[in-house]
Each structure stands twice: as structure tokens, then as C-alpha cells.
Protein chains: 2
Amino acid sequence: MRWNKISDAVIRRLPLYLRVLDELSVETDQELISSHDLGEKAGVGSALVRKDLAWFGEFGKQGVGYEVGFLRNELRKILNLDQEIPVALVGVGSLGIALTRYHLKRFEEDKSFNLKQVALFDIDPKKIGTIAEGIPVFSISEAATKVKELNINMVMIAVPAEGAQEVANVFINAGIKGILNFAPIKLKVPDEIHVGDADFALELQRLAYYI
Amino acid sequence: MRWNKISDAVIRRLPLYLRVLDELSVETDQELISSHDLGEKAGVGSALVRKDLAWFGEFGKQGVGYEVGFLRNELRKILNLDQEIPVALVGVGSLGIALTRYHLKRFEEDKSFNLKQVALFDIDPKKIGTIAEGIPVFSISEAATKVKELNINMVMIAVPAEGAQEVANVFINAGIKGILNFAPIKLKVPDEIHVGDADFALELQRLAYYI
DNA sequence: TAGATTGTTAATCGATTAACAATC
DNA sequence: TAGATTGTTAATCGATTAACAATC
């Protein structure tokens, strides 16, 4: 990476900060923010905010704080969100469709959300070749071709648990770098592939503990 | 709680272990599992598996391992999943509907997923009073009544960001204990309320860093 | 100048891992 | 009995917080 081995705990908070800065620049004309305020809005201590940002540069001014627009821009660059990132989704079921709609809405509304959904994949012949929510549905057998053609480097997997590992393998072989996995299964992937888990059932079960 | 102050990091792994044990008892007739194997399938070190479980009791036998069925049962009890837990969802948009379908499927297929969706809520008069996916849609103004009547103690919030905090407030006042929040906003809640964040856009943005 | 807030170092806190005696 | 694996303690590792000199 461009900065050597910054902890994932740090990276996870950057989108949180970015979200706060986006809100600020849309909803207010506030031009400066302190680490204290930014932390409060993001749910993070102010010292940690400063430490996180300091990994990437000196973005603030002593006695003043951080410039909202500038910091927002820097965070976008760090997260590669200053360019449009093509993303695909596999599994055109009701969850897949809903995620796609939600994604499209987010892409329209939120200027920093530069992840563009460009392709859908499924195995159902009835779905392949159709257009869903304005996005073409391809066969999973076309993965390698389409990943290259459309420059896709991230996929969301929204297929049943049984198929998820196989789908992951196919797309990893096709050359993608990141997976957001909605299936209730622990994917086995090579070290260089990053996986985000988005199985909301796990989270619900965790919350049940505290009832 | 029944065990005093066990770290949330521990609690988060329990549903992971439970998922592995569920698979095992459905797909194989394996009756014993070692902390090593359980850890491998859950993506956790074996020492940590033993330490996590040891917080709640002595569930294993030296030289033998853990009984799959027994441990599964114990984990269910610990997570309160040995009883049906009534859950509601707020926001009957396409995301809400998809989550509901997914939830219902999961509830049918997965014996340990004892979280039952019993009510939907929305503000749209056209939706209120209807039945979606077999579940009645109530007005958010009925929250207090329905939460008591149906014994709801967890809600999933799938409304736009602008409305999420207000919805959270209403349901917290109605007496719920846990929130699974799909809206892209940091909810402010009292200490005793537990919130799970399920904004998949944040996770996608994180993954973008590693491209 | 006086007040505020950064960037950074040192101190603390918590979580994971290693190791091993106990024992099935 | 010999081999395996637990439960648990001690060691390590990493992440967060406190504190403060530098400086806007």
C-alpha cells in the first residue's frame, strides 16, 4: 500500500470521519472542525482522531482545527474514493436487488460514495441477459471476462451460504481484490484479498445477549 | 447481566461459534469438536476459543473436546436464543422488505436463529394497515402500544438517515433494548441500549482502501 | 499576547497468544 | 498407560488515552 501497514482498526474509522465531514459540508457552512467535535460526531475520542489522521499527514493547524473541505478531500484520496470504483454484485435475489437499489440511491445522493455498481451476476438463466435496476445481469461464467472488461475490483456476494465460497473463488481468480460478503459463512481467501462481513444475523444474535 | 461484564469482543464471537456448531449438526454426524477445529472454522485461534467459552463454564473434557450438541445448546442459552425473541423492523422500503424476506428464510432454515420478526413499522399511510411478507405494518405512532403488546425488545432500523435518530428515540422510549441500525448515521442512545451498526457502505469504503 | 488545538510521546488499558499442569 | 485436549496463568502484543510542548 502507499503507507506501510497501517492498522485496519485505523482504516475502519476513516469512512466514519468522512461521513461526518460530508454531512457537515452538505448541511452547514462550517469550514473548520476540531478533533474534539469530529470525534464526538463519529463516536471516537479526540486523541484517537488526531492520531488516526496523523498517520497520513499533517492535516490540521494548531489552535485552529481541521478545514472541513480539505480534510474531506484528503480522506477521499486515502480511501481511493477520489476516483469512481466499479463494483459488482453477485446474487440477484431480493436481497441483491434491494442492496443494488440502496447502493444506487447512495451513489446519487452522496458525493463521497464513489463506488459505482456496474454489473450484476447470477446463475439463473431466466435472469441472465436481463437488466435489473438499470444494471445488466451476467452469467457467473462470464466473471473473468467482465471483471477485466469493466475493471471491477470489488464484489458483493449476496448468494445463499452454499454457493458463496465457490462464487468467491471464481471472482478471486478473475482478479478482484475485495469482497463484501452477505452470506452466513466464513470465506476462505488468500491473504491479499480483503473480506468484509455483512451478515446481519450475527449482529442480531449478538444484541440478543444483552436483552 | 447474568455474568458480570464480559467483554463485547467475546460476545461477538459466540454467534460465530454457534453458526459452526449448527452447520456441523445439520451437515455431519460429528459429535465432538476440539477448540482447534472450532477455531479454524470460525476464524479464531484455538486458545481464544477456549478462553471465550471458559467465561461461561466448563463445557469441554480434557483430551476429548466439546460435545457439539451440548455446546450448541449452552451457547443458545447464553445468547438468549433458547427462547423466541420478537423483533420488529422499521422502514418498509425495498431494503426493509428484502431484510424481512431474508430474515424469514433464515428463521425457517436455521434452528438457532430464534429471532422472530413480528411487526413492521412505517410512516406512509399507504403502507400502514397492510400486510407485507405475512407481517402486519403498523404506524410508528403505535410503537409504544405494539412494543408492549408483542413483547418486542429489538428493532431493526431501515429508514433514511434523516429519520433514524427520531425512530430510535421513539422505540427506546417504548422500552426496547437493542437496535440494529442500517441507516448511515451514528445513533445517540443511552448507555443501557445496545446498537449494532449495519451500514454496508462504510464497509465498502473500508475495502476500497485496500484496492 | 492569550487561548485554543494540533501532532506526538509516554502511560495505560485490554485483548490475544503461548505455555503447561491437570485430566480425560 | 500414552496421547490428546482442556482450563488457566503468565507473557506478549496492540490499541486507546492522557499529557504536553509546539504553534497557529
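Here is the naming used below: chain letters follow the sequence lines, and residue numbers restart at 1 for every chain.
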**Q.** Strand-adjacent residues in residues 31-43 of chain A, judged by heavy atoms under 4.0 Å from DNA chain C
**A.** A:Ser34, A:Ser35

Q) Base, sugar-phosphate, or nothing: which does A:Ser7 touch, judged by heavy atoms less than 4.0 Å apart? A) sugar-phosphate

Check nucleotides 9-13 of chain C for protein N or O atoms closer than 3.5 Å to its own N or O atoms and list the pairs.
none

Q: Enumerate the residue pairs fulfilling salt bridge (Lys or Arg N to Asp or Glu O under 4.0 Å) with a member in residues 193-211 of chain B, sequence neighbours excluded, ordered by first and then second residue.
A: A:Asp8-B:Arg206, A:Arg12-B:Glu203, A:Arg19-B:Asp199, A:Arg106-B:Asp199, B:Glu203-B:Arg206

Q.
In this structure, how many angstroms lie between the C1' atom of D:dT8 and the CH2 atom of B:Trp55, rounded?
A. 11 Å

**Q.** For atom CZ of A:Arg12 and atom P of D:dA15, their distance in whole Å
**A.** 12 Å

Q. So B:Phe113 and B:His103, ring pair (Phe, Tyr, Trp, His ring centres under 6.0 Å) or not? Walk me through it.
A. CA-CA 9 Å; B:Phe113 186 71; B:His103 192 134; 5.0 Å; yes

Q) So does B:Arg13 get a side-chain nitrogen or oxygen closer than 4.0 Å to the phosphate oxygens (OP1/OP2) of C:dA15? A) no

Q | Separation of D:dG14 P from A:Asp52 CG (nearest whole Å) | A | 17 Å

Got a list of side-chain donor-acceptor pairs under 3.5 Å for residues 57-70 of chain A, not counting sequence neighbours?
none

Q. Which residues in residues 58-72 of chain A have at least one heavy atom lying under 4.0 Å from any atom of DNA chain C?
A. A:Glu58, A:Phe59, A:Gly60, A:Lys61, A:Gln62, A:Gly63, A:Val64, A:Gly65, A:Tyr66

**Q.** A:Glu40: partners by side chain to side chain contact (heavy atoms under 4.5 Å, CB included), with sequence neighbours left out
**A.** A:His36

Q: For A:Leu16 and D:dT16, give me the distance from atom CG to atom P, rounded to whole Å.
A: 12 Å

Q) Is the closest basic N to carboxylate O distance between B:Asp22 and B:Arg72 below 4.0 Å? A) yes

**Q.** Option passing side-chain contact (heavy atoms from CB on, under 4.5 Å) with A:Val167 (candidates A:Asn181, A:Ile172, A:Ile140)
**A.** A:Ile140

**Q.** Secondary structure of DNA chain C in dot-bracket form (Watson-Crick or G-U wobble, distances below 3.5 Å, | marking inter-strand pairs)
**A.** ..||||||||||||||||||||||

**Q.** Residue pairs fulfilling salt bridge (Lys or Arg N to Asp or Glu O under 4.0 Å) with at least one residue in residues 44-55 of chain B, sequence neighbours excluded
**A.** B:Arg13-B:Asp52

(Q) Rounded to whole Å, how long is the line connecting atom CD1 of A:Ile11 with atom P of D:dA15? (A) 11 Å

**Q.** Inter- and intrachain pairs under ring pair (Phe, Tyr, Trp, His ring centres under 6.0 Å), touching residues 151-176 of chain A, at least two apart
**A.** A:Phe121-A:Phe171

Q. Considering residues at least two apart in sequence or located in another chain, which fulfil the side-chain hydrogen bond (donor to acceptor under 3.5 Å, both in side chains) criterion with B:Gln165?
A. B:Asn169

Side-chain donor-acceptor distances from residues 149-161 of chain A under 3.5 Å, at least two apart:
residue	atom	partner	partner atom	Å
A:Glu149	OE1	A:Lys146	NZ	3.4
A:Glu149	OE2	A:Lys146	NZ	3.4

Q: Starting from P on D:dA19, measure out to CZ on A:Arg50 and report it in whole angstrom.
A: 12 Å

Q) Has A:Leu187 got more than 12 heavy atoms of other residues, nucleotides or ligands less than 6.0 Å from its CG? A) yes

Q. With sequence neighbours excluded, what pairs up with A:Phe182 under the ring-ring contact (aromatic ring centres under 6.0 Å, His included) test?
A. B:Phe200

**Q.** A:Thr100 and its side-chain hydrogen bond (donor to acceptor under 3.5 Å, both in side chains) partner, picked from A:Gln117, A:Glu133, A:Lys105
**A.** A:Gln117

